[in-house]
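Computed over heavy atoms, backbone and side chain alike; hydrogens, waters and symmetry mates excluded. In the text below, chain A, chain B and the rest are named by the order of the sequence lines, each starting its count at 1.
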Amino acid sequence: MPGTSPADPPRLRLAPSPTGDLHVGAAWMALFDLAFARRHGGQFVIRIEDTDQARAQVDSEQSMLDSLRWLGLDWDEGPDKGGPYGPYRQSERLPRYAAYARQLVEQGQAYYCTCTPERLAALRQAQMANKQPPSYDRHCRELGLHPGQSEPHVIRMKVPLEGESVAHDLVRGELRRAYKDSDDQVILKADGFPTYHLAVVVDDHDMRISHVVRGEEWISSLPKHLLLYQYLGWEPPLFAHMPLLRNADKSKISKRKHHTSMQWYERQGYLPEAMINFLAMLGWSMPDGRELFTFADVMEHFTFERVVTSSPVFSLEKLQSINGQYIRALDIPALAERMVQRPYVLAQLPLVRERMRTLNEFHPLTAFFYEDVLAYEPQLLVPKKAVAADVPPWLAAARDLLRDFRPWRAGPLEEALRALLAENGWATGQVFMSLRVALTASTQSPPLTETMEVLGREKTLQRLDAALQALA
RNA sequence: GCCCCCGUCGUCCAGAGGCCUAGGACACGGCCCUUUCAAGGCCGCGACACGGAUUCGAAUUCCGUCGGGGGCACCA
């Protein structure tokens with residue numbers, strides 16, 4: 001098996017979330033992945049899912065790498081440097097998937113299916129109405145269809161009608177599931193793109209991944225993945241299904257209920273080593289029970305066997321305490337150094353340097369970056385020669401433009417905003433003033449789009465909404 | 001509805017048949033220290049979901065119930 005002999009060092013991968021941000025869940029797994037890989041002299045690669053709706057664009061990809069670096073989890077290889085087994089970007093791998101899907105059809109382990117979405121929807125609806133589990137009825141399975149180019153079709157894999165799948169999981173032990181509870185999954189879509197199931201199997205094989213570490217939400221598709229390895233004649237990797245991090249209400253951790261972006265923690269002033277320590281205590285513990293430890297300690301002692309099987313609630317209480325302990329452990333010069341070296345502070349400096357007459361003025365000039373809720377004086381949002389009713393459309397239009405705007409950089413942002421204003425015949429000075437107040441609660445601030453870049457998308461959008469609310 | 005995973009203090013973990021009248025950390029409460037607030041020290045509150053079975057003995061094994069979560073897409 002790959003990765004199980006010393007001569008064959010493990011290769012693990014991180015699959016970033018579609019937005020490209022490094023989220024707490026991903027960071028949490030990456031931390032263990034990397035500890036494990038490093039300990040055994042292996043590698044850790046990033047597989048970029050940049051096709052279809054998973055569009056990790058350059059700037060967000062960069063922010064993910066920045067977050068990993070901040071955590072100290074960077075390694076000598078970027079997404080394109082995972083060794084000779086790339087490409088690691090899905091968009092560059094497209095031709096491979098269709099070929100394998102067709103190979104499976106030829107081998108009789110997959111088949112063309114021309115069922116229409118309408119038929120499938122009706123089928124599903126009928127099954128639900130009859131309190132049956134929704135699943136494909138294998139209508140095309142034995143038809144031996146060979147649809148022409150023009151006829152829309154997908155390729156589905158054949159799942160055995162009986163028997164069961166038995167797998168070994170590094171954290172949970174034996175995982176069993178009857179084949180009859182898995183249906184004939186689509187592996188190649190009508191548009192020629194693979195579904196995740198095919199893509200991940202092909203990619204992990206091509207990239208020589210030895211250990212697949214992923215959330216337990218994937219357990220139920222494990223039999224299909226294993227089947228795909230078997231059909232393709234490949235040795236499957238080892239699997240570790242990690243518990244899911246949860247909200248306080250026990251649901252799967254979500255953006256609505258937590259700050260899930262690593263950047264937020266960085267900006268909030270948490271120390272990366274405290275963050276690592278905290279994350280490593282979720283679902284795992286040091287064999288000797290120590291609760292203050294470093295990444296090097298994790299590296300030395302991490303095993304999948306010690307990962308808990310129940311899902312931890314992600315709560316900040318303990319992180320704050322740990323962070324305090326790390327801060328207190330720093331001597332004053334070191335602490336001072338850490339404060340000024342903080343990337344968020346570093347990013348603010350160029351914006352306020354020319355506005356500072358004393359070093360102390362740095363604080364009032366940058367205070368607005370840190371407020372959770374800005375205290376608006378609504379009349380400030382209404383620039384000279386404008387009336388209150390003018391403003392909401394400006395802010396709303398800006399918000400809509402910014403929601404998915406990429407790349408999140410001052411230059412492009414300014415260009416796009418100016419274009420928006422020109423299109424609507426709005427006065428730049430007036431609109432920019434309103435935006436400025438919305439983002440900083442003040443009529444005096446560093447240049448608008450530079451401020452936006454440093455503030456980040458999330459806070460920018462939040463503040464636009466807040467300003468709109470203040471005007472309502 | 002069906003399938004799967006899981007179930008120890010409010011939260012995070014320890015616990016792999018006797019070391020458990022269940023241990024630590026965070027949070028919370030009290031006291032001490034102290035011009036305040038922290039930090040620190042001491043003390044306290046607080047859990048093995050329930051029911052059976054196996055065993056001389058179960059938090060630890062098995063079964064059931066209940067509870068929570070996840071999955072059941074031409075999303076990942």
Side-chain angles (χ1 to χ4, degrees), chain A residues 15-19 47 49-56 90 101 113-121 123-124 127-136 152-156 164-165 167 169 171-200 214-224 241-253 277-292 305-325 327-329:
Chain A
S17 64
T19 61
R47 167 177 173 271
E49 292 169 351
D50 60 350
T51 55
D52 206 11
Q53 65 205 141
R55 307 178 313 274
Q90 224 183 82
C113 170
T114 55
C115 292
T116 61
E118 294 73 40
R119 183 180 117 75
L120 295 177
L123 176 67
R124 199 166 301 132
Q127 286 166 331
M128 303 276 258
N130 288 327
K131 303 209 180 240
Q132 297 292 311
S135 77
Y136 179 58
H153 63 273
V154 301
I155 294 181
R156 289 180 183 271
E164 67 171 353
S165 165
D169 181 275
V171 341
R172 284 154 214 275
E174 206 171 75
L175 255 23
R176 287 169 175 271
R177 190 168 208 246
Y179 282 129
K180 69 172 171 51
D181 294 318
S182 300
D183 64 0
D184 286 357
Q185 181 70 47
V186 170
I187 54 175
L188 198 74
K189 299 188 272 185
D191 61 8
F193 282 60
T195 58
Y196 173 81
H197 306 282
L198 210 220
V200 77
R214 46 158 46 160
E216 68 178 335
E217 67 221 83
W218 293 108
I219 290 179
S220 47
S221 33
L222 180 59
K224 294 173 191 169
H241 288 91
M242 305 290 279
L244 255 24
L245 260 24
R246 296 197 274 189
N247 297 314
D249 66 4
K250 311 283 190 193
S251 56
K252 183 159 117 175
I253 193 164
N277 193 151
F278 167 70
L279 288 175
M281 285 196 297
L282 290 177
W284 186 78
S285 57
M286 287 284 280
D288 64 4
R290 253 183 305 161
E291 298 196 337
L292 245 35
E305 290 70 31
R306 273 193 81 78
V307 173
V308 303
T309 47
S310 56
S311 304
V313 170
F314 182 87
S315 149
L316 256 35
E317 281 181 345
K318 203 159 185 165
L319 172 60
Q320 285 164 346
S321 159
I322 292 174
N323 204 52
Q325 296 185 61
I327 287 175
R328 270 172 259 132

Phosphate OP1/OP2 of B/rG71: any A/Lys252 side-chain N/O under 4.0 Å: yes
Same-atom distance (P) from B/rG7 to B/rC48, integer angstrom: 15 Å
Check: A/Arg246 and A/Ile253 side chains under 4.5 Å, non-hydrogen atoms: no
Sugar-phosphate only, base, or nothing, as touched by A/Gly283 at under 4.0 Å among non-hydrogen atoms: sugar-phosphate
Sugar-phosphate only, base, or nothing, as touched by A/Pro134 at under 4.0 Å among non-hydrogen atoms: base
Touch class at under 4.0 angstrom, heavy-atom based, for A/Glu291 against every strand present: base
Residue whose nearest RNA chain B nucleotide is more 5′ - A/Met281 or A/Thr195: A/Met281
A/Glu216 side chain to A/Ser311 side chain, donor-acceptor N/O pair below 3.5 angstrom: yes
Sugar-phosphate only, base, or nothing, as touched by A/Pro117 at under 4.0 Å among non-hydrogen atoms: base
Closest listed nucleotide, where the reference is the side chain of A/Pro312 and the choices are B/rC5, B/rC12, B/rU8: B/rC12
Spacing between A/Leu319 atom CG and B/rA27 atom P, to the nearest angstrom: 12 Å
Student check: side-chain heavy atoms of A/Phe314 and A/Leu244 closer than 4.5 Å: no
N or O in side chain of A/Lys189 less than 4.0 angstrom from B/rA76 OP1/OP2: yes
C1'-based separation of B/rC62 from B/rA47 [nearest Å]: 24 Å
Parallel, tilted or perpendicular: rings of A/Trp218 and A/Tyr196 (30°, 60°): parallel
Nucleotide of B/rG7, B/rC74, B/rC2 approaching A/Asp181 most closely (side-chain heavy atoms): B/rC2
Validation row: A/Pro243, A/Pro312 side chains within 4.5 angstrom (heavy atoms): yes
B/rC37 to B/rU61 separation - P atoms, rounded to the nearest Å: 48 Å
Sugar-phosphate, base or nothing in reach of A/Lys318, heavy atoms under 4.0 Å: base
Rounded distance in Å - CG (A/Leu292) to P (B/rA25): 12 Å
Sugar-phosphate only, base, or nothing, as touched by A/Val186 at under 4.0 Å among non-hydrogen atoms: sugar-phosphate
Presence of A/Ser285 side-chain N/O under 4.0 Å of B/rA14 phosphate oxygens OP1/OP2: yes
B/rG71 OP1/OP2 closer than 4.0 Å to side-chain N/O of A/Arg177: no
Within-4.5 Å side-chain heavy-atom neighbours: A/His241 and A/Arg214: yes
Pairing partner (Watson-Crick or G-U wobble, both distances under 3.5 angstrom) of B/rA14: none
Distance in angstrom units between A/Tyr179 OH and B/rG71 P, rounded: 22 Å
Under 3.5 Å side-chain donor-acceptor pair for A/Arg177 and A/Ser220: no
Atom-pair distance (CZ on A/Arg172; P on B/rC5), nearest Å: 9 Å
Value in whole Å for how far the C1' atom of B/rC74 lies from CZ of A/Arg156: 8 Å
Under-4.0 Å side-chain N/O to phosphate OP1/OP2 contact, A/Arg124 with B/rC2: no
Side chain of A/Ile219 (C-beta onward), nearest among B/rU11, B/rC5, B/rC74: B/rC5
C1' atoms of B/rC26 and B/rG67, separation to the nearest Å: 26 Å
C1' spacing across the pair B/rG71 / B/rA53, given as an integer number of angstrom: 32 Å
B/rC62: pairing nucleotide in any strand, Watson-Crick or G-U under 3.5 angstrom: B/rG52
Sugar-phosphate only, base, or nothing, as touched by A/Ser135 at under 4.0 Å among non-hydrogen atoms: nothing
Rounded distance in Å between the P positions of B/rC56 and B/rA49: 25 Å
P atoms of B/rG69 and B/rU11, separation to the nearest Å: 14 Å
Partner nucleotide, any strand, of B/rG67 [Watson-Crick/G-U, under 3.5 Å]: B/rC6
Gap in Å between the two P atoms, one belonging to B/rG30 and one to B/rG68, rounded: 35 Å
Check: A/Ile322 and A/Met281 side chains under 4.5 Å, non-hydrogen atoms: yes
Under-4.0 Å side-chain N/O to phosphate OP1/OP2 contact, A/Lys250 with B/rU11: yes
Touch class at under 4.0 angstrom, heavy-atom based, for A/Glu317 against every strand present: base
Sugar-phosphate, base or nothing in reach of A/Arg214, heavy atoms under 4.0 Å: nothing
Whole-Å distance separating the CD atom of A/Glu216 from the P atom of B/rC3: 18 Å
Whichever of A/Asp249 and A/Lys224 has its nearest RNA chain B nucleotide further upstream toward 5': A/Asp249
From B/rC74, B/rC26, B/rC2, nucleotide with atom closest to A/Pro133 side chain: B/rC2
Any A/Arg246 side-chain nitrogen or oxygen under 4.0 Å from OP1 or OP2 of B/rG68: no
Sugar-phosphate, base or nothing in reach of A/Val308, heavy atoms under 4.0 Å: sugar-phosphate
Strand partner of B/rU21, provided both Watson-Crick or wobble distances fall under 3.5 Å: none
Chi angles and distances behind the side chain to side chain contact (heavy atoms under 4.5 Å, CB included) call for A/Lys224, A/Asp183: CA-CA 9 Å; A/Lys224 294 173 191 169; A/Asp183 64 0; 4.0 Å; yes
A/Ile253 CD1 to B/rC12 C1', straight-line distance once rounded to whole Å: 13 Å
Paired nucleotide for B/rG40 [Watson-Crick or G-U wobble; both distances under 3.5 Å]: B/rC32
Nucleotide B/rG71, atom C1' - distance to CG of A/Leu175 in whole Å: 13 Å
Closest to side chain of A/Arg328, choosing from B/rG40, B/rC4, B/rG70: B/rG40
